[in-house]
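Just so it is clear, the structure is predicted and the values come from calculations on it, not from any experiment. Residue indices begin at 1 and follow the sequence shown.
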Amino acid sequence: MTLSNGTSDGTIRWGILGTGFIAGLQTKDLKENGFTVQAVGSRSLESSESFAEEYGVATAHGSYEDLVADPLVDVVYVATPHPFHHANALLALNAGKHVLVEKAFTMNAREAQDIVDLAESKGLVALEAMWTRFLPHMIRLRDIIASGTIGEVRKVVASHNQSLPKDPAHRLNDPALGGGALLDLGIYPISFAFDILGTPSAVRASASMSATGVDRQTAAIFEYANGAQALVDCELDAASANRAMVIGTDGWIDIEHTWYNPVPFTVHAVDGSVVERYDQPVASRGMQYQAAELERLVRAGSTAGTILPPRETVAIMAAMDEIRRQIGLRYESDAVVEGTKND
């Protein structure tokens, strides 16, 4: 499997919706790799202008509506907190723009399906910004697995544990803002499990909750019809090495700290000997690869690629819905069904 080198010819023009930390990281990677960042939009013109000045963006808009209406913008990168992704992505799609939507893609599978359906109906790309999927080490890892080097894959193990702000008012700890470990951190190992093993046939989950009512730590076992398993965990108030493994009948792949970044991995035979050591540094942080994939899809006139098709993004959100059901984590958006409130 091959992927672009993460660069652009600059003909597709990007708009950045949101001016937070992740928006800055993505914009920096775009600018450093030949992408055209045409405009930025914020609910505050002052914030938008400050962002535009810092990152060298041509146009600053004082509202999201103005950004998506900009005729010089072809693609909108949605970089707001995930409770707002649904509305922001629909706004951009209805304005005829392709979207790259930060993960977690939405709050739940229903919202994800809304975005995917609208994009498909308009012939537009709606790609989840799970940047890890598109990194060179993940491309190589998939090729190794497909070649049978480690035999039949029996288990995927992946963690994402961070020591993050403890302030109860912080977004990560606020249920009204989609707080908790699962949506912010768990999305990485869960997406990795889907990438390697596909959609599980069953999910078993356990969690410890914080004083504010969000999941402080969550662990899940994904079970598959062929007997394979994925063991995934996340935590927002304690850090770890954040490594990952893919274990097969003829060997295993060990991805180093921090596995979802562009890092080395080692392929071991079943006796522990080294079969391959992969270590390919990338330019910038590595977020340009997902943008290159979106541009590739746009140029090909396609709304879905093979690395992370929209239907898989919806399935991932559905799995996280099931985890939240089992651990008792509900958000306000869960009560909305076809425009009505459930009791």
Side-chain angles (χ1 to χ4, degrees), residues 18 20-26 28-29 78-85 101-107 128-135 137-138 156-196 205-222 230-246 254-265 282 284-287 290 316-317 319-320 323-324 326-329 331:
F21 176 71
I22 195 70
L25 293 178
Q26 179 69 74
K28 186 173 184 290
D29 278 9
V78 177
T80 49
H82 40 256
F84 309 109
H85 289 175
V101 183
E102 260 307 324
K103 64 349 208 174
F105 192 70
T106 51
M107 294 296 290
E128 180 184 1
M130 177 43 73
W131 65 298
T132 304
R133 288 280 185 116
F134 308 98
L135 291 170
H137 75 299
M138 288 296 172
V156 170
V157 182
S159 296
H160 191 185
N161 303 309
Q162 304 280 358
S163 182
L164 298 173
K166 309 299 191 295
D167 181 359
H170 192 281
R171 176 187 69 80
L172 288 165
N173 303 309
D174 186 349
L177 293 176
L182 181 65
L183 265 62
D184 263 273
L185 305 180
I187 179 63
Y188 283 90
I190 289 170
S191 185
F192 183 55
F194 269 77
D195 191 4
I196 304 304
S206 176
S208 295
M209 309 304 284
S210 73
T212 60
V214 301
D215 64 311
R216 178 178 60 78
Q217 63 180 34
T218 295
I221 301 173
F222 289 177
L231 311 179
V232 298
D233 67 273
C234 56
E235 181 161 358
L236 53 68
D237 63 355
S240 75
N242 292 326
R243 299 176 76 102
M245 284 192 297
V246 181
D254 180 23
I255 314 175
E256 296 181 9
H257 171 79
T258 299
W259 67 267
Y260 50 84
N261 287 325
V263 296
F265 67 75
V282 304
S284 307
R285 185 173 187 255
M287 296 175 73
Q290 61 185 358
I316 289 168
M317 292 309 309
M320 293 206 292
I323 290 172
R324 290 197 298 109
Q326 291 185 27
I327 67 175
L329 177 59
Y331 297 117

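Separating the CZ atom in Phe21 from the CD atom in Gln26 is a distance of 12.5 Å, to the nearest 0.5 Å. Taking CD of Gln217 as the start and CG of Leu185 as the end, the distance is 12.0 Å to the nearest 0.5 Å. Atom OG1 in Thr106 sits 4.0 Å away from atom CE in Met317 (nearest 0.5 Å). Here the CG atom belonging to Leu329 is positioned 8.0 Å from the CG atom belonging to Leu183, to the nearest 0.5 angstrom. Between atom OH of residue Tyr260 and atom CE of residue Met138 there is a gap of 11.0 Å, rounded to the nearest 0.5 Å. In this structure, CG on Leu135 lies 10.0 Å from CE on Met287, to the nearest 0.5 angstrom.
No side-chain heavy atom of Asp254 sits under 4.5 Å from any side-chain heavy atom of Trp259. Between Met130 and Gln290 there is no side-chain heavy-atom pair separated by less than 4.5 Å. Counting only heavy atoms from C-beta outward, the side chains of His82 and Arg171 approach each other to under 4.5 Å. The closest side-chain heavy-atom distance from Val156 to Asp195 is not below 4.5 Å. Here the side chains of Ile190 and Ile323 are in contact, with some heavy-atom distance below 4.5 Å. Looking only at side-chain heavy atoms (C-beta outward), Thr258 and Tyr188 stay at 4.5 Å or farther from each other. For the pair Glu235/Gln162, no side-chain contact is recorded, criterion being any heavy-atom separation below 4.5 Å from C-beta on. At least one side-chain heavy atom of His85 sits less than 4.5 Å from a side-chain heavy atom of Thr80.
A side-chain donor-acceptor contact under 3.5 Å links Thr212 to the backbone of Asn173. A donor-acceptor pair is defined here as one N or O able to donate and one able to accept, closer than 3.5 Å; no such pair exists between the side chain of Lys103 and the backbone of Val101. The closest donor-acceptor contact from the side chain of His257 to the backbone of Ala241 lies under 3.5 Å.
The salt bridge (Lys or Arg N to Asp or Glu O under 4.0 Å) search around Asp237 returns Arg216, not counting sequence neighbours. In this structure Arg285 satisfies the salt bridge (Lys or Arg N to Asp or Glu O under 4.0 Å) test with no other residue, sequence neighbours excluded. Annotation: side-chain contact (heavy atoms from CB on, under 4.5 Å) contacts of Ala79 (sequence neighbours excluded): Ile22, Ala23, Tyr77. In terms of the side-chain hydrogen bond (donor to acceptor under 3.5 Å, both in side chains) criterion, Thr132 has no residue partners (sequence neighbours excluded). Not counting sequence neighbours, Asp167 has no partner by the salt bridge (Lys or Arg N to Asp or Glu O under 4.0 Å) test. The side-chain hydrogen bond (donor to acceptor under 3.5 Å, both in side chains) search around Asn242 returns Ser240, not counting sequence neighbours.
The two residues Val232 and Pro189 have their closest heavy-atom pair at CG1-O, 3.6 Å. Across all their heavy atoms, Gly180 and Asp215 have their closest contact at CA-OD1, 3.1 Å. Taking all atoms of both residues into account, the shortest heavy-atom contact from Ile316 to Ser191 is CD1-OG, 3.8 Å. In this structure, Thr218 and Ala207 approach most closely via the heavy-atom pair OG1-CB, 3.4 Å. Summarising the geometry of Gly213 relative to Met209, their closest heavy-atom pair is O-CE, 3.6 Å, with the distance given to 0.1 Å. For Ile187 against Glu128, the heavy-atom pair with the smallest separation is CD1-OE2, 3.8 Å.
Taking the six-membered ring for Trp and thresholds of 30 and 60 degrees, Phe222 and Phe194 have ring planes more than 60 degrees apart, a perpendicular arrangement.
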Practice prompt. Decide side chain to side chain contact (heavy atoms under 4.5 Å, CB included) for Asp184 and Leu236; before the verdict, give the C-alpha distance in whole Å, the side-chain angles of both, and the deciding distance to 0.1 Å.
Written response: CA-CA 9 Å; Asp184 263 273; Leu236 53 68; over 6 Å; no
Discussion item. I'd like to know whether Val157 forms a side chain to side chain contact (heavy atoms under 4.5 Å, CB included) with Phe192, so could you lay out the CA-CA distance, the side-chain angles of the two residues, the decisive distance to 0.1 Å, and finally the verdict.
Written reply: CA-CA 9 Å; Val157 182; Phe192 183 55; over 6 Å; no
Worksheet item: Are Val263 and Ile255 close enough, and set up right, to give a side chain to side chain contact (heavy atoms under 4.5 Å, CB included), and what steps lead you there?
Response: CA-CA 7 Å; Val263 296; Ile255 314 175; 3.9 Å; yes
